[in-house]
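Numbers restart at 1 for each chain; the letters A, B, ... are given by sequence-line order, proteins then strands. None of these values were measured; they are calculated from a predicted model.
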Amino acid sequence: MTLRAIVVDDEPLARRGISVRLARAGDVQVVRECTSGRTAVRGILELEPDLVFLDVQMPGMDGFAVIEEIGAESMPVTVFVTAHDEHALRAFDAQALDYLLKPIDDERFARALERARRRVLERQQQARAEHVTALLSATGHGHPKDPSPGSRLVIRSGGRVVLLEAADIDWIEADGDYVRIHAGAQRHLVRETMRAVERRLDATQFVRLHRSTIVNVSRIRELRPLTGREWQVVLLGGATLQLSRRYRGRLEATLGRRL
Amino acid sequence: LDALRYQIHPHFLFNTLNAISTLVADDRGADANRMLARLSDFLRLTLDRPVADEVPLDAELDFVMRYVEIEQVRLGERLAVKLSVAADAGAARVPYLLLQPIVENAIRHGVATREAGGTVSIAASRTGTTLTIEVADDGPGWPADGATNGNGIGLTNVRDRLRVLYGDAHRVEIKSGDGGACVTISIPFRSAGAGG
């Protein structure tokens with residue numbers, strides 16, 4: 001893995017000192033050298049480097065102001081470089097990974113770079129994990145520990161892959177080996193089981209009414225009693241569904257009252 | 001007078017050492033050696049006890065230019081220095097290390113604080129029995145709290161030393177504004193050859 005780095009210092013030889021040592025490391029590419037805080041902010045936003053070596057004392061905008069401008073949580077892995085010991089504490093407050101004192105000690109530099117490599121790797125793994133979690137939750141195959149299924153359903157409908165907002169779904173009905181999703185004027189026929197779809201939806205929002213029906217609770221307009229302890233469920237759009245005895249308890253739990 | 005000696009700024013010293021460290025890391029041994037020699041000159045003159053309270057202006061300027069040379073290596077093309085000394089002024093006797101803190105102030109506040117850099121102009125001339133030395137920069141002027149934040153220490157020392165050496169026979173004038181800062185010092189003209 002090659003790290004992409006930006007070096008920031010108003011003194012040319014100070015920048016060169018970092019760049020020369022990075023070149024020697026072999027796995028770091030200096031994508032830009034910046035001569036001021038202002039140009040550093042631009043460089044970081046433009047190039048999104050993995051790593052930044054940031055001088056503290058610079059004309060105009062100093063190193064701390066750069067972090068404030070970008071926001072500590074959006075900063076690349078940051079190593080402060082300073083002639084002053086007294087900046088060390090503030091550097092860590094600003095969530096710097098490390099700080100180097102001038103003149104730079106090669107061994108100390110190597111250690112800081114090694115920490116930076118590990119931190120960049122951790123961040124990448126973390127970002128990947130978050131990405132996967134987001135994907136899984138969007139497709140409903142949530143992590144067991146994930147308490148909230150996705151707000152979106154990714155479905156294959158008519159040869160396309162559709163990202164459907166759960167909130168847009170009115171109701172869902174079983175149709176043989178398929179389920180039909182009703183979302184406003186749209187109908188999506190998806191090769192899935194009712195159970196699989198149900199698992200992918202937020203249980204506080206979607207309730208099973210029948211072996212063959214799931215409803216978005218927010219779409220229910222009224223409930224009309226039928227004979228034999230069954231109920232008719234009328235939706236805002238006018239659709240009329242049937243609530244079977246078997247699933248009445250679940251709807252009551254969701255609505256918070258007995259029918 | 002000993003207590004009023006020039007004080008080295010740690011920032012200058014550590015950044016200079018860092019610059020030398022880079023030259024070594026960059027396999028520029030000759031440049032590193034040159035910079036070490038300049039820094040050593042500078043340290044010798046500032047750390048050693050002075051032989052006399054006064055030196056010829058030419059010697060003082062020579063010393064200042066060694067310092068400037070170090071700063072130019074550090075700051076690169078951001079720092080330009082203009083020197084203009086009247087022919088009859090060079091032999092004048094001036095307090096040892098008088099100009100150093102003033103030029104350093106000009107570089108620190110007038111040049112180093114600006115991304116684009118700037119120019120420091122040093123001029124000296126003789127008018128009758130008075131020697132006038134002027135150090136000017138084209139920066140943003142001094143910060144309002146310049147006298148209290150440590151940057152003024154150098155100048156306070158300059159004033160105190162001039163008072164000890166010349167009593168009322170001297171003037172220090174400071175002008176600071178958008179166009180830059182200018183320090184003008186007037187002291188009695190005494191030639192180095194003329195003795196006491």
May I ask you to test the Leu61(B)-Ile122(B) pair for a side-chain heavy-atom distance under 4.5 Å? yes

State, to 0.1 Å, how close Phe63(B) and Gln100(B) come at their nearest heavy-atom pair, and which atoms those are. CE2-OE1, 3.5 Å

Top contributor to chain B interface from His84(A), Arg16(A), Arg38(A), Glu11(A) [non-hydrogen pairs under 4.5 Å]: Glu11(A)

Neighbours of chain A found in residues 64-77 of chain B - heavy atoms under 4.5 Å: Val73(B), Arg74(B), Leu75(B), Gly76(B)

Are Asp10(A) and Thr35(A) close enough that some pair of their side-chain heavy atoms sits under 4.5 Å apart? no

Side-chain donor or acceptor of Gln205(A) paired with backbone N/O of Asn216(A) under 3.5 Å: no

Below 4.5 Å, heavy-atom pairs only: which of Leu23(B), Asn18(B), Ile20(B), Thr22(B) has the largest tally toward chain A? Asn18(B)

Is a side-chain N or O of Arg42(A) found less than 3.5 angstrom from the main chain of Gly37(A), in a donor-acceptor match? no

Heavy-atom contact with chain A under 4.5 Å, split by part of Ala112(B): backbone

Is the Phe12(B) to Phe42(B) ring centre distance short of 6.0 Å? yes

Arg15(A) versus chain B, the contacting section by heavy-atom distance below 4.5 Å: neither

Short question: side chain of Arg163(B), backbone of Val158(B) - any donor-acceptor pair under 3.5 Å? no

With a 4.5 Å heavy-atom cut-off, do Asp178(B) and Pro140(B) have their side chains touching? no

